[in-house]
Amino acid sequence: MVLPRRYAFRFIALVILLFFTAFFVVPIVWLFLAPTKTDGQLLGSSPFAIGSLSTLGHTFSRVINYSGQSLLIWLKNSAIYAFGGTALALLAAIPAGYGLALTHFIGRKTLLSITLVVMIMPATALVLPLFLEMNKLGLYGTVWSLILPFGFFPFGVYLAYIYFSSTIPKDLLAAARIDGATEWGVFRHIAMPLARPVVGLVGFFAFVASWNNFFLPFVMTYDSSQYPVQIGLQQLIGSTASFNPTNFTAGSSVQVLQRPDLAMAVMLAIAPVLIVFLFAQRTLVTGMLAGSTKE
Amino acid sequence: MATVTFDQITRIYPKSSKPAVDRLSLEIGDGEFLVLVGPSGCGKTTSLRMLAGLEHVDDGAILIDDTNVVKLAPRDRDIAMVFQNYALYPHMNVGQNMGFALRLAKVPKHEIERRVRDAARILDLEDYLDRKPRQLSGGQRQRVAMGRAIVREPRVFLMDEPLSNLDAKLRVATRAEIAALQQRLGITTLYVTHDQVEAMTMGDRVAVMKDGILQQCDTPRVLYDDPVNAFVAGFIGSPPMNLIDGLVTEEGVRVGTAVFPLPPQLPARPGSALTVGLRPEVLEPSEPDQGIPVTVHLVEELGAEAFVHASIEQESDTLAVPSSTIIARVEPQRAPAKGERIGLRAKSGSMLFFDAATGARIRTGSQTGAAVPS
């Protein structure tokens, strides 16, 4: 009596897990398969039917060559904004987290609480005041209007704070101070080399935040040549016939895209994030501090 | 080389009313090996860290030679420290760990290499210079930490329980090595430990602390023979001195059912309490009617000696006395059996007396010790 009941529970659990797995995996699989098919196949054939390699090639070249290789320009723009923003975020967040975690100064606790509070604030809320500020500074429409805001990355500060306060033994810093290091020397020679994992982590989050940012570049850029890829995708949706039939009345000169092209563009837009993730993930090594102290 | 002087230094931690270190005054001579010892929380590590510059000094002065270093940053004090947990730089190899301070001091590269090599030879680490700390055993890490201190050729060595993470056997061996090394280098050393055996075996002088207050600072011999109070008497020595509550009567002091005559000079009124101190080695087992009658409840055989743990028999009409066990060191061949009733005689003149309330030593004419209460 007991055994069948246990199996019944396991069976039910398995069914639930499989259902949710399928629920989330199916759209991704569909997206990956979409560019291999023509628009007609996408609608007509089974959702999981695989198209052909040649169709994939055609889709790829159509997307790349859309409107004078706009997608490549957007990807390049995105890369500039994201790498610039990430560099600035790291430059600000890592020392800030270190300072909050391992040094003593007046107002440290207050600053820490403020960091936590502003972390909760949605970044979008700042876009409008940032726009006004950039405008006054004459930076509107420049690269700086999309890079400078990432110097403010409280989440990264908090991550760095947690890392430094929980992983680096204070005696290690004390040893360096006794060995003759200045405060800057302690940070540079001891804390920084040991901070690789958190640099990778904060860097990755900053990169993703900047890369996926939509509203800020939407407000700060005014010309297609400045768009990052997220805004570009928006424009591509506008150029897709099935989504905007009214745009494509007979005789329109606008280049028409199909739904598989859009799927292709989406995948090209997320590919850099995956690549950055692979690099960032290598820094997330464990056991960096092994052998330093014996507790 | 240098002398170190603690002059009335005090440390009160924030949110604490009681000082962690209370007006500590101590002098360490040039080239001397001084050990600070005491139970945990007695302020010994705090004192060391104040000398290192890692802990704020609330009051008083610390002099290295004639310079007050209280306001100086750790890097300007020319000291080297060995941490309890070693605090090796995990991303540097052994050579880099040892040469780090010299590199910061912009010592020429070949000179760094020479000094690191010399230190590595002394510490038997030559084959490990390229290894990272995580590839070393506990004993090797400890030696790297020592090496990092000695390549500096500092004015003062500070050691914060450097042996506490080693296993018992290695600890004994390293204990002797460190003492020998210090002797050879002749560098003034302040060494902190909670282990009184370490303190007694290594220190030229030993300073005993309790609750932030220095109790006594003297050579190991004087601390053992002539403690200034019951705390020092009970802390130094293993097994510790027996501290037994006695009652002063007309005939002398009563311990259990035995009465010992008191030295005539001893200022004690009949009816008052007195703490009697007896080292385990001054007690001799004999017939139950001689000395203090006790019942043996444990015999520890250590080979060359045996320790008898016994409970003191009480007279039924006396006050309940809390300290009623006593430890005696006996020859193993003459060790009594467990459960046996014996008497413990004390060698004449071997009894120390302490004030039952304050623990302060009550000196008698025959015991004019050389100890100077600090």
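Every chain is numbered from 1, with letters handed out A, B, ... down the list of sequences.
Contact of the A/Leu148 side chain with the A/Met134 side chain is registered, since non-hydrogen atoms from C-beta on lie closer than 4.5 Å.
Using a 3.5 Å distance cut-off with no hydrogens or angles, the side chains of B/Tyr89 and B/Gln96 do not pair a donor with an acceptor. Side-chain atoms of B/Thr188 and B/Glu32 include no donor-acceptor pair closer than 3.5 Å.
Proximity to chain A among residues 44-75 of chain B is limited to B/Arg49, B/Ala52, B/Leu54, B/Pro74, B/Arg75, judged by heavy-atom separations below 4.5 angstrom. Within residues 100-116 of chain B, the residues having any heavy atom less than 4.5 Å from a heavy atom of chain A are, in residue-number order, B/Phe100, B/Ala101, B/Arg103, B/Leu104.
Looking at A/Gln226, its side chain does come within 3.5 Å of a backbone N or O of A/Gly141 through a donor-acceptor pair.
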>> Could you go through B/Glu161 and B/Thr193, starting from their C-alpha distance and side-chain angles, then the distance that decides it, and tell me whether this counts as side-chain hydrogen bond (donor to acceptor under 3.5 Å, both in side chains)?
In response: CA-CA 5 Å; B/Glu161 309 229 12; B/Thr193 179; 4.6 Å; no

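Classified by interplanar angle (parallel below 30°, tilted 30° to 60°, perpendicular above 60°), the ring pair A/Phe187/A/Trp184 is tilted.
Taking CZ from A/Phe152 and CG from A/Leu126, the interatomic distance works out to 6.0 Å, rounded to the nearest 0.5 Å.
Under the ring-ring contact (aromatic ring centres under 6.0 Å, His included) test applied with A/Phe204, the options A/Phe277, A/Phe279, A/Trp211 reduce to a single match, A/Phe277.
Between A/Phe207 and A/Phe83, the ring center distance clears the sub-6.0 Å criterion.
Contact count against chain A (heavy-atom pairs under 4.5 Å) is highest for B/Arg148 among B/Arg148, B/Met92, B/Arg77.
A salt bridge is absent between B/Arg171 and B/Glu198: the closest approach of a Lys/Arg side-chain nitrogen to an acidic carboxylate oxygen does not fall below 4.0 angstrom.
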